[in-house]
Amino acid sequence: MCAIASGGNDSLFDRQVTAALTIVHVDIDAFYAAVEVLCDPSLRGRPVIVGGAGNRGVVASCSYEARASGVRSAMPSARARRLCPDAVFLPGHFDLYAEYSQRFHAVLTSFTPLVEGIALDEAFLDVGSVRRLFGDAPAIAERIRDRVYAELGLSVSAGIATSKLVAKLASVAAKPTPSPTGPVPGPGVIVVTPEDELAFLHPLPVGALWGVGPATRGRLERFGVQTVGDLSRLPVETIVGALGKSLGSHLHALSWGRDPRPVVADRAIKSIGHEETYAKDHHDRESLRREVIRLSDAVATRLLRQDLAARTVILRMRFADFRTVTRSKTVAHLLSGGGAIAALGLRLLDDLDPSPGVRLLGISASNLEAMSTNQMVLGDGLGQGPGFGRAGPSGSLVGAVDEVRRRFGDKAVGPAALVGNDGVGVRRLGDRQWGPGS
């Protein structure tokens with residue numbers, strides 16, 4: 001069905017087949033949990049869960065010891081605790097994960113510039129143009145695995161195919177399997193040749209396809225669809241009628257292994273956001289105004305450090321009954337300072353009634369442009385709202401604030417509205433990202 005990479009290919013046919021395999025998907029195994037174990041060896045062999053430990057928290061990552069009890073990413077933490085009462089819950093250290101991610105991607109780009117990062121711990125590579133330098137795709141995948149383990153101490157699984165879809169699914173199949181005593185090593189690298197693609201793809205559950213979430217899976221189950229193969233045998237008209245033209249046509253093509261998307265390096269960032277789930281619902285507008293300022297400050301700092309500005313601010317609110325609403329506002333001039341972003345966010349907040357109880361609030365900035373290529377509006381953000389206003393090149397107000405934060409920590413200075421008994425209550429990426437800790 002699929003070949004496990006194991007060295008050289010001697011026949012002309014094998015060499016031709018291998019030459020057609022240019023897409024590699026690499027994924028670090030249990031990334032967040034693995035980094036935590038690296039930094040604290042006393043955790044080795046124990047069930048580790050990274051995420052929010054409170055009743056509203058979710059699991060971000062877990063070790064293979066925890067997975068043996070049925071714990072999975074995105075699972076509510078309360079359920080994970082019931083499944084694995086001996087688990088060690090950790091809130092996570094996002095800055096540390098970002099550092100390891102940068103080192104991981106540096107290894108990847110040392111083999112080819114065609115690297116499309118899709119998460120901190122995974123990426124697609126197109127190795128078609130570098131085979132004379134580093135060998136065929138299986139050889140490159142093995143070299144990447146060796147380098148990442150030697151330089152970062154982390155294990156990596158890889159899938160190789162002619163398309164991104166199949167390469168991604170092959171890397172999942174290559175991963176270790178859970179056990180109470182730790183991971184049972186998997187193949188590490190799986191190669192799916194063109195003639196074996198459908199034999200590999202069709203037995204998989206239909207939820208393995210991109211775009212099939214719980215709601216879509218429920219609609220397909222009405223037609224008796226459980227596997228990708230079941231989906232492929234349905235007439236495309238039936239799928240389109242059930243799911244709509246765009247999604248239906250897309251999934252029909254994927255079920256036959258048709259995925260023409262190329263590896264795209266250096267994809268532009270589309271939005272930057274920060275959101276928080278609260279241990280207790282917020283019912284009053286004043287407390288939420290403070291949260292909008294806090295979240296806007298976090299977004300502004302990330303924009304500044306990537307030399308970006310935005311024209312659109314988006315507010316996302318989830319109520320106690322899980323009803324979620326989104327509001328946005330676009331302006332003609334560029335925004336990047338926390339005050340300017342918060343000013344728009346507060347206007348959006350004023351149009352919503354928080355009295356039913358707000359369990360989650362988020363602020364995002366989109367329609368992004370490079371700051372260095374644009375002229376900021378004079379006084380952008382200054383006097384328009386709470387907190388720090390204009391961000392820009394070094395020498396601006398927010399540039400100076402960021403320099404202070406880099407030297408003395410994020411809580412050294414911040415918007416006056418966020419000053420409390422415990423100092424400046426700023427938030428940063430990764431803080432309570434997976435829900436409250438208690």
Side-chain angles (χ1 to χ4, degrees), residues 25-40 43 48-52 57-63 73-74 89-110 115-125 144 147-157 265-277 294-308 310 336 338 362-365 368 370-371 391 398 401-412 414 426-435 437:
H25 180 265
V26 290
D27 190 0
I28 301 176
D29 302 328
F31 178 47
Y32 296 163
V35 171
E36 295 290 347
V37 173
L38 268 181
C39 296
D40 183 358
L43 296 172
V48 174
I49 297 176
V50 177
V58 296
V59 175
S61 177
C62 56
S63 67
S73 297
F89 272 84
L90 301 172
H93 300 86
F94 204 88
D95 289 346
L96 189 61
Y97 307 148
E99 176 190 334
Y100 273 86
S101 176
Q102 290 175 355
R103 294 168 60 190
F104 169 61
H105 282 82
V107 172
L108 304 184
T109 54
S110 71
V115 176
E116 181 179 341
I118 56 174
L120 290 178
D121 58 339
E122 61 177 309
F124 288 105
L125 296 80
I144 288 172
R147 285 266 310 273
V148 172
Y149 189 79
E151 297 178 22
L152 280 72
L154 299 171
S155 64
V156 173
S157 298
D266 298 323
R267 291 192 302 174
I269 299 172
K270 294 184 178 180
S271 67
I272 287 178
H274 198 97
E275 64 181 30
E276 186 167 330
T277 300
R294 188 194 316 277
L295 296 168
S296 298
D297 176 70
V299 171
T301 298
R302 292 174 60 197
L303 285 172
L304 174 67
R305 293 181 181 179
Q306 298 192 54
D307 194 31
L308 293 172
S336 59
I363 292 288
S364 299
L368 305 181
M371 177 86 76
V398 172
V401 168
D402 190 56
E403 280 300 310
V404 173
R405 286 174 165 173
R406 286 178 185 273
R407 291 186 62 185
F408 301 106
D410 283 331
K411 295 188 177 184
V426 298
R427 287 278 184 261
R428 289 296 173 260
L429 182 63
D431 291 351
R432 310 181 90 181
Q433 179 164 345
W434 303 294

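Just so you know, these numbers come straight off a predicted model, no measurement behind them.
- The ring pair (Phe, Tyr, Trp, His ring centres under 6.0 Å) search around Phe104 returns none, not counting sequence neighbours.
- Listed by chain and number, the residues in a side chain to side chain contact (heavy atoms under 4.5 Å, CB included) with Ala365 are Val299, Leu303, Ala310, Leu368 (sequence neighbours excluded).
- Closest approach of Cys62 and Ala33 over heavy atoms only: C-CB, 3.7 Å.
- Minimum heavy-atom separation, Ser364 to Gly273: OG-CA, 3.5 Å.
- Listed here is the closest heavy atom pair of Ala34 and Leu154: CB-CD2, 3.7 Å.
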Stepwise side chain to side chain contact (heavy atoms under 4.5 Å, CB included) check, Val58 with Thr277: CA-CA 10 Å; Val58 296; Thr277 300; over 6 Å; no

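- In this structure, Arg302 CZ and Leu308 CG are separated by 10.5 Å, a value rounded to the nearest 0.5 Å.
- Of all heavy-atom pairs spanning Gly362 and Glu275, the tightest one is CA-CB, 3.4 Å.
- The shortest side-chain heavy-atom distance between Leu125 and Ile144 falls under the 4.5 Å cut-off.
- The OH atom of Tyr100 sits 4.5 Å away from atom SG of Cys39, with the distance rounded to the nearest 0.5 Å.
- Note that the CD1 atom of Ile49 and the OG atom of Ser73 stand 10.0 Å from one another [nearest 0.5 Å].
- By the salt bridge (charged side-chain N to carboxylate O under 4.0 Å, His left out) test, Glu151 pairs with Arg147, sequence neighbours left out.
- By the side chain to side chain donor-acceptor pair (under 3.5 Å) test, Ser63 is found to be paired with Glu65, residues two or more places apart in sequence or in another chain being considered.
- Listed by chain and number, the residues in a side chain to side chain donor-acceptor pair (under 3.5 Å) with Ser155 are Asp29 (sequence neighbours excluded).
- Scored by the side chain to side chain contact (heavy atoms under 4.5 Å, CB included) test, Ile118 finds His25, Glu116, Glu122, Phe124, Arg267 as partners (sequence neighbours excluded).
- Here Asp27 pairs with nothing under the side chain to side chain donor-acceptor pair (under 3.5 Å) rule; sequence neighbours left out.
- To the nearest 0.5 angstrom, Leu90 atom CG is 8.0 Å from Asp40 atom CG.
- A donor-acceptor pair under 3.5 Å is formed between the side chain of Thr301 and the backbone N or O of Asp297.
- Taken from CZ in Arg294 to OG in Ser296, the straight-line distance is 11.0 Å, to the nearest 0.5 Å.
- A 4.5 Å side-chain heavy-atom check between Leu120 and Phe94 finds at least one atom pair inside the cut-off.
- Between Ser61 and Phe31, the shortest heavy-atom distance links the atoms OG-N, 4.1 Å.
- Looking at every heavy atom in both residues, Ala123 comes nearest to His105 through CB-NE2, 4.1 Å.
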